[in-house]
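See structure below.
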2 protein chains.
Amino acid sequence: MSGAPDPTVFKLHDLKVSCKSCSLSRLCLPHGLNEKELAMLDGMIERKTKYDRGAALYRSGEPMRALFAIRSGSFKTFMTTPDGAEQITGFHFPGELLGIDALADEHHHCTAVALETSTVCALPTQDFEHLCATMPQLHRQFRHLIGQEINHEHELLLSLGQMRGDERLATFLLNLSERLRARGFSHSEFNLSMPRHDLANYLGLAVETLSRIFSRLQDEGVLKANRRNIRILDFDRLRSLAHHPARARA
Amino acid sequence: MSGAPDPTVFKLHDLKVSCKSCSLSRLCLPHGLNEKELAMLDGMIERKTKYDRGAALYRSGEPMRALFAIRSGSFKTFMTTPDGAEQITGFHFPGELLGIDALADEHHHCTAVALETSTVCALPTQDFEHLCATMPQLHRQFRHLIGQEINHEHELLLSLGQMRGDERLATFLLNLSERLRARGFSHSEFNLSMPRHDLANYLGLAVETLSRIFSRLQDEGVLKANRRNIRILDFDRLRSLAHHPARARA
DNA sequence: CGGCTTTTTGAACCCCATCAATATCCGTGG
DNA sequence: CCACGGATATTGATGGGGTTCAAAAAGCCG
């Protein structure tokens, strides 16, 4: 389960990729930094960490060690109640930040687990704090990314609080589609990195209900879903679902 | 929260209260600042803003003017969809920060509306950015408050995604009770500042369902609810509800 | 006292959870 | 290579929590 990484897998050139040459930099913390600042940031980052599927980047309750930026792969973050119930609060992709749930008291309130073999860049908290103080642009981008996180959670609240199951799934798929597009992938066909179980939990549904919704959307020609593989056929229909056109629950 | 302040209560000396003498400072941005820093922060703050019930502090889409700290009263913040559906994302009380939903792109993604006559302290964004750069402790407290906001939204996600109606209400009441206690009010009896309609929306329920849940909890002797007035009679039962003891939806 | 909003209560229906069973995929070992 | 077992996913049947429609009751304010 845990990512006891085979040392031989890490070739030197993998470890030395810099922020400067990283294709994700425009989505990530380095965005907007000049050459000199970039170099400073680069110097602070530990880049060697690899996580296999199921490996935890951090667990709820642990003290915060670092801020993480995803380089490849994907993660889920979830809350846990004392009695064992879980709620997935987000799926995270390359260029996104992980660990800001520890902002309040330097301890994590979520657990982050890799959905597939993934790599992250780690930024020790002390270093980061110092860097922010000296680089206004880094600080700004950090705030920007936190803001995105908050906005995303607001969208999810809207979804869970107001929408039916099919509307939630439509919203999720459109959001995912956009995030993949922003990363240079196809926005109409992709493979989900999470099992149905996780997606259902994220959407506040039972696995069976989610499966039924997929089947129905497929029957209606909105998409084609073969297990993890999704092909969106009718974006307009999906969008109209996501905006649940005629419902005034106000 | 209930302290529906008579307008005449606001004499000039109220408007000039400084952070230093503010009873909420330990919950608010000034927490941990030394005398000199406190004076600097004080100098930046506009304190005269008062909002009647229904008045908007800011609206979704507007550019961010300032960061707000609530001094008295209470607010609700909500998301709006293109088709008019709303989801209340939070209720906010004295000492809490409003406006951080604009962190991503300097534009608000929520609307904030006063639930009763309320006053806020406004901190213009540019000033604040500058202050943060020169006062590490202020920066730290700002991060702390943002973290609290994120944590609160995670709790709400858990609530909406995993709990039944009665469990959601129990969770809300316990949370509210704690926040009131932290502000020196009774934690067992209080007046809700929001109508059923808003609370139902926040909890992802229909007004009728919420009303029925209140009635049932009252029949069971867990609490006494007379319109806005709530008296919690059995904290243990409420807590056991909030933790939905025997349900493994894992 | 009227007219308004807010809250509660009642009845019917529906989305979704649950229980149960089948199907499909995948990794492992014979 | 194929067989086997476990995890993952789909499908069916049933029941319950919650929404919706409808209306009455209770505050609130002019």
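In the text below, chain A, chain B and the rest are named by the order of the sequence lines, each starting its count at 1.
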Counterpart residues, side chain to side chain donor-acceptor pair (under 3.5 Å), relative to [X] (two or more places apart):
X: B:Thr77; result: B:Thr89, B:His92
X: B:Glu149; result: none
X: B:Ser188; result: B:Ser186
X: A:Asp219; result: none

Could you tell me how far apart [X] ([atom1]) and [N] ([atom2]) are, to the nearest whole angstrom?
X: B:Asn226; N: D:dG27; atom1: CG; atom2: C1'; answer: 10 Å
X: A:Glu208; N: D:dG15; atom1: CD; atom2: P; answer: 17 Å
X: B:Asn229; N: D:dC28; atom1: CG; atom2: P; answer: 11 Å
X: A:Phe214; N: C:dT24; atom1: CZ; atom2: P; answer: 18 Å
X: B:Leu169; N: D:dG18; atom1: CG; atom2: P; answer: 11 Å
X: B:Leu203; N: D:dG17; atom1: CG; atom2: P; answer: 18 Å
X: A:Leu199; N: D:dT8; atom1: CG; atom2: P; answer: 14 Å
X: B:Lys224; N: C:dT8; atom1: NZ; atom2: P; answer: 11 Å

**OP:** Would you mind listing every ring pair (Phe, Tyr, Trp, His ring centres under 6.0 Å) that reaches into residues 205-233 of chain A, with sequence neighbours excluded?
**Re:**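 Output for this query is empty, none listed.
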
**OP:** State whether the number of non-hydrogen atoms from other residues, nucleotides or ligands found under 6.0 Å of B:Arg59 atom CZ is greater than 12.
**Re:**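 Incorrect, the count does not exceed 12.
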
Subject >> Difference in axis direction between the ends of the helix from C:dC1-D:dG30 to C:dG30-D:dC1, five pairs, 10° >> reply: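 End-to-end axis angle: 40°.
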
Original post:
Does any N or O donor sit under 3.5 Å from an N or O acceptor when you compare the side chain of B:Arg212 with the base of D:dG17?
Top reply: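 It does not, because no donor-acceptor pair links the side chain of B:Arg212 to the base of D:dG17 below 3.5 Å.
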
Excluding sequence neighbours, so at least two apart, what forms ring pair (Phe, Tyr, Trp, His ring centres under 6.0 Å) with [X]?
X: B:Tyr202; answer: B:Phe91, B:Phe172
X: A:His187; answer: A:Phe235
X: A:His108; answer: A:Tyr58

Check: protein-nucleotides 12-16 of chain C nitrogen or oxygen pairs below 3.5 Å:
{"from": "C:dC16", "atom 1": "OP1", "to": "A:Gly165", "atom 2": "N", "distance (Å)": "2.6"}

**OP:** With sequence neighbours left out, write down each residue that passes salt bridge (Lys or Arg N to Asp or Glu O under 4.0 Å) with A:Arg179, or none if nothing qualifies.
**Re:**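 Result, salt bridge (Lys or Arg N to Asp or Glu O under 4.0 Å) vs A:Arg179: A:Glu96.
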
Subject >> A:Glu167 (side chain) donor-acceptor with A:Arg164 (main chain) under 3.5 angstrom >> reply: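 It does hold such a pair.
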
Write out a two-atom table: protein N or O, nucleotide N or O from nucleotides 3-7 of chain C, distance below 3.5 Å.
{"from": "C:dT6", "atom 1": "O2", "to": "B:Arg227", "atom 2": "NH2", "distance (Å)": "3.1"}
{"from": "C:dT7", "atom 1": "OP1", "to": "B:Arg228", "atom 2": "NE", "distance (Å)": "3.2"}
{"from": "C:dT7", "atom 1": "OP2", "to": "B:Arg196", "atom 2": "N", "distance (Å)": "2.7"}

